[in-house]
Amino acid sequence: MREAISSTARLLLTLRFLATGERYSQLSYGFRISVSAISKIIPETIDAIYSVLSDEFLKVPSNADEWKKIAEDFEKKWNFPFCMGAIDGKHIAIKSKPEYGSFYYNYKGFHSVILMAVVDANYNFIYVNVGSNGRANDAAVFNESLLDEAIKKNLFDFPPDENLPNTDTKYIPATM
């Protein structure tokens, strides 16, 4: 029997793939691991990394106090009261299969998937959505996300409304 591929080799292989974007065939020569094994190892390792680290490093706030802390940080650091996250999307270039046609082709002139993320005032990720087709716009990606659904169902336990700073005007969030 052949010796199993070590966890260290799996991690190094995955990190190399993520850092360089090398093809599996190129990685195969450098690590002396078959392409078919690499095609299983990389997704498994990414899933393992996510399942182990996501609770600590990708934590969506779960109560009003945690949301209030984010809002306070935005106000202190960026002078932006009542902000509980900054959201944006990024096109990640891909090589699309011919059978997908223009499904992943974006307005920038290349094929992509969209990474949409929400960060706190210190650039820490609090929500990530990856995989929407490149031709979708930001609003479409948001409207199809679990984030939009959770906001509509009020699953986040946002803090109660308060007066805007230095006014008697109550802040009323926009409805979705």
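Everything quoted here is computed from the prediction, not taken from an experiment. The analysis underlying the following values was restricted to heavy atoms, covering all of them including side chains, and did not include hydrogens, waters or symmetry mates.
Taken from OG in S34 to CD1 in I5, the straight-line distance is 6.5 Å, to the nearest 0.5 Å. To the nearest 0.5 Å, the span separating CZ on R23 from NZ on K95 amounts to 5.5 Å. To the nearest 0.5 angstrom, E66 atom CD is 3.5 Å from K59 atom NZ.
Inter-residue side-chain proximity for L13 and T45 is flagged as unmet; no heavy-atom pair is nearer than 4.5 Å. Under the 4.5 Å side-chain criterion, counting only non-hydrogen atoms from C-beta, I49 is in contact with L11. At a threshold of 4.5 Å between non-hydrogen side-chain atoms, the residues Y29 and E22 do not count as touching.
Aromatic ring pairs are classed by plane angle as parallel below 30°, tilted from 30° to 60° and perpendicular above 60°; the pair Y104 and Y100 is perpendicular.
Linking ILVMFWY side-chain heavy atoms closer than 4.5 Å, directly or via other members, places I46 and L15 in two distinct hydrophobic clusters. In the hydrophobic clustering of this structure, V118 groups with I151; members are Ile, Leu, Val, Met, Phe, Trp, Tyr whose side-chain heavy atoms approach within less than 4.5 Å, directly or through other members. Residues V60 and L58 do not share a hydrophobic cluster, defined by chaining ILVMFWY side chains whose heavy atoms lie under 4.5 Å apart. Note on Y105 and I94: separate hydrophobic clusters, where clusters join Ile, Leu, Val, Met, Phe, Trp and Tyr whose side-chain heavy atoms are under 4.5 Å apart, directly or indirectly.
Scanning both residues, N106 and G134, for their nearest heavy atoms gives CB-O, 3.1 Å. Contact record, M84 with I126: O-CD1, 3.9 Å, taken as the closest heavy-atom pair. G89 and D138 make their closest contact through CA-OD1, 4.4 Å (heavy atoms, listed as atom of the first residue, atom of the second, distance). The two residues S28 and I33 make their nearest non-hydrogen contact at OG-O, 2.7 Å. The two residues L27 and R16 make their nearest non-hydrogen contact at CD2-CG, 3.5 Å. Minimum interatomic distance between V141 and A136 (heavy atoms only, all atoms of both residues): CG2-CB, 3.9 Å.
Residue pairs meeting the side chain to side chain donor-acceptor pair (under 3.5 Å) criterion with at least one member in residues 123-135, sequence neighbours excluded, are D120-N124. For residues 69-81, the side chain to side chain donor-acceptor pair (under 3.5 Å) pairs, not counting sequence neighbours, are K69-D73, K77-N122.
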Set out, in order, the CA-CA distance, both residues' side-chain angles and the distance that settles side-chain contact (heavy atoms from CB on, under 4.5 Å) for M116 and V128, then state yes or no. CA-CA 6 Å; M116 181 185 72; V128 175; over 6 Å; no
Before you tell me yes or no, could you show the steps for Y24 and I41 under side-chain contact (heavy atoms from CB on, under 4.5 Å), namely the whole-Å CA-CA distance, both residues' side-chain angles and the distance that decides it to 0.1 Å? CA-CA 11 Å; Y24 289 178; I41 290 170; over 6 Å; no
Go through it in stages, so that I can follow the logic: the residues are I92 and V130, the test is side-chain contact (heavy atoms from CB on, under 4.5 Å), and I'd like the CA-CA distance, side-chain angles, deciding distance and then a yes or no. CA-CA 9 Å; I92 310 297; V130 182; 5.8 Å; no
Would you check, one step at a time, whether the test side-chain contact (heavy atoms from CB on, under 4.5 Å) holds for I42 with L18? CA-CA 9 Å; I42 290 175; L18 293 172; 5.8 Å; no
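The residue from F156, F82, F74 that alone fulfils the ring pair (Phe, Tyr, Trp, His ring centres under 6.0 Å) condition with W67 is F156.
For CD of E3, the number of neighbouring non-hydrogen atoms (other residues, nucleotides, ligands) closer than 6.0 Å is 12 at most. Sparse packing is recorded around NZ of K40, with 12 or fewer heavy atoms of other residues, nucleotides or ligands lying under 6.0 Å away. Remark: Y50 OH is loosely packed, at most 12 non-hydrogen atoms of other residues, nucleotides or ligands lying under 6.0 Å away. Heavy atoms of other residues, nucleotides or ligands lying less than 6.0 angstrom from CZ of F125 number 12 at most.
Side-chain contact, T8 with S6: no donor N or O sits under 3.5 Å from an acceptor N or O.
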